[in-house]
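Working notes for the structure below.
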Number of protein chains: 2
Amino acid sequence: MSKKLRYLEIADVLKKKIKQGEFPQGQALPSQKELSEIFNTSVMTTRGALAELEQEGIITVIHGVGTFVSSPAIHNDTLSLQGFQNEMDRQKMSITNEVIGVKHEIEQRELLDLFGKRSGRFSSLSRLRTIDGKPVIYQCSYVEKQYSSVFDEYQADQSLYQLFSQKTGIMVTQGREIMIPVILPDDIAKTLGFDEPCTAFLSKRVSISLEEKVVLYDEAYLPGPYVIMASRKHGKNNSFKYIINQTGTIDSLDSFNDSDLWEDLI
Amino acid sequence: MSKKLRYLEIADVLKKKIKQGEFPQGQALPSQKELSEIFNTSVMTTRGALAELEQEGIITVIHGVGTFVSSPAIHNDTLSLQGFQNEMDRQKMSITNEVIGVKHEIEQRELLDLFGKRSGRFSSLSRLRTIDGKPVIYQCSYVEKQYSSVFDEYQADQSLYQLFSQKTGIMVTQGREIMIPVILPDDIAKTLGFDEPCTAFLSKRVSISLEEKVVLYDEAYLPGPYVIMASRKHGKNNSFKYIINQTGTIDSLDSFNDSDLWEDLI
DNA sequence: CAGTGGTCTAGACCACACC
DNA sequence: GTGTGGTCTAGACCACTGT
């Protein structure tokens, strides 16, 4: 682990300390000056180490205030209520989050593979997201049995990521997702109130902890008329998200011109 | 423009010089030491300026070699042959790129809006991408009339981005894209050889130059069974791309585990 | 080898947030 | 104000690339 580069060494040490819970989530780290004294190095080098951790989403540095262990990485959730909520506020729509059901003791081979386990059972939480009263998104989340209490305690309109992180102390720092264009399955279409066949994104996502373990799996159906994906690349900056398509027509390309939509993602 | 921050000032100056063509594409900039003398500043500050430009994709810095004005930002093209080709190599598939047709003197209101023009005409280039002999992706690109020669000179299996950049000297540094799940339209389906209705991504993308002008517009249909989108978020790193789904079944989640798929994106 | 970029020092000073 | 992070210096030295 200990490279020859001082700032990476320091970053590794800090990362380990955070993993081991020496600095709880939301807690301030020692100041850059103090850290420099502790590690017997210069401020510039300490800053290099902190920059590494910030890049990985482990800490958040705020000018004039301090350096903090990151709160649950909601920004890793492309489908986050957070993101949607902000979008909604901007567009003056209201979003709600309704629990359909919780299942326990699920046995499924594919889940075992995804979570990298050889045996075990899972719990699921099905939710419906409504926009201006209309059900729009169906989402089902899975965790290992040992964390099932999180689903039991889950309340509508909460951030599942945040709750999971609070209850388990696990920091989610990575997410991977695949998106597939599909026709809404009959049962989902019925739940969402679609009478006719409807295209949708099927999103499958795994969330990965600081320890590199898969801790959460989500599947979501996002009907095409109401949700589109938008991405932006600017040099090495690279972002994408789901956005609500108010008009419901695929020809609305407003998102290209409405730079406001992107502000919070750069 | 000139902030109080030295490194941003320097970055602005360098950016302007590159815009004005003082350093042609692919050309080496003066060394960090030389730049530090020119701007009468320290190496650390010069490096700060260069880091800014690198972040924006304007320059490429190579350890032990030098600092270069970036070649056409192919990496901005999510659908780039480049990317696909690498993928293909890895999966031992062959991809080809066939020109269907070129149109000139196109008049279309939506294009005017996209390019931010009040009047003007456009040219289009339709292409088909085949994988292992099977047509898979339909793509149509548009440029303003003044650049129509690029389409005329375009040869199969070339990178359109690269050619455009070479011919016009315009550097593409930004791209925005929206993706919509659709049913393949009849004519496209016929072209691609699909008999039954088929879900697909409809991708609409604008490419933006260093001068913040829209210079290229692309529409592509990517049938669901063969192409899926995959994204990865790791802290502030954020990437996504289209990948070929060999199996053609939506239940193949191999991409989650196959970290190789992501190597070139981090 | 020479020339490039990358790291690091030991400070100084500036900008920002909070009391 | 005090305390935080952010920038900057004027070098030294290390690591990498190509001849």
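Letters A, B, ... are given to chains in the order of the sequence lines, protein chains preceding strands, and every chain is numbered from 1.
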Crowding at CG, A:Asn40 (>12 non-hydrogen neighbours, <6.0 Å): no
Separation of D:dA10 P from B:Leu35 CG (nearest whole Å): 17 Å
Backbone of B:Leu53 reached by a side-chain donor or acceptor of B:Glu56 within 3.5 Å: no
Main-chain N/O of B:Gln155 paired to B:Gln158 side chain as donor or acceptor, under 3.5 Å: yes
Between P of C:dG11 and CG of A:Asn40, the distance in whole Å: 11 Å
Earlier contact from the 5' end, DNA chain C, for A:Val65 and A:Tyr7: A:Tyr7
Touch class at under 4.0 angstrom, heavy-atom based, for B:Ile62 against every strand present: sugar-phosphate
Under 4.0 angstrom between A:Thr45 side-chain N/O and C:dT7 OP1 or OP2: no
Exceeds 12 heavy-atom contacts within 6.0 angstrom, atom CD of A:Glu211: yes
Interatomic distance where CG belongs to A:Leu5 and C1' belongs to D:dC13 [whole Å]: 13 Å
N/O (side chain, B:Gln32) to phosphate O (OP1/OP2, C:dG6) under 4.0 Å: yes
Under the ring pair (Phe, Tyr, Trp, His ring centres under 6.0 Å) test, residues paired with A:Phe115 that sit two or more places apart: A:Phe122
Value in whole Å for how far the P atom of D:dG6 lies from NZ of A:Lys33: 15 Å
Distance-only side-chain donor-acceptor flag, A:Ser207 / A:Tyr161, under 3.5 Å: yes
Inter-axis angle, terminal five-pair segments of the helix from C:dC1-D:dG18 to C:dC18-D:dG1 [nearest 10°]: 30°
Separation of atom CZ in B:Phe68 from atom C1' in C:dG3, rounded to whole Å: 12 Å
Short side-chain N/O contact from A:Thr67 to OP1 or OP2 of D:dG5, under 4.0 Å: yes
Cation-pi check, B:Lys233 onto A:Phe240 ring (under 6.0 Å, within 45° of axis): yes
Contact under 4.0 Å: B:Thr41 side-chain N or O vs D:dT9 OP1/OP2: yes
Touch class at under 4.0 angstrom, heavy-atom based, for B:Ser42 against every strand present: base
Rounded interatomic separation in angstrom, taking CG from A:Leu29 and P from D:dG3: 19 Å
Value in whole Å for how far the P atom of D:dG6 lies from NZ of B:Lys4: 18 Å
Distance in angstrom units between A:His63 NE2 and C:dC18 P, rounded: 12 Å
Closest nucleotide among D:dA10, D:dC8, C:dG6 to the A:Met44 side chain: D:dC8
N/O (side chain, A:Arg47) to phosphate O (OP1/OP2, D:dG6) under 4.0 Å: yes
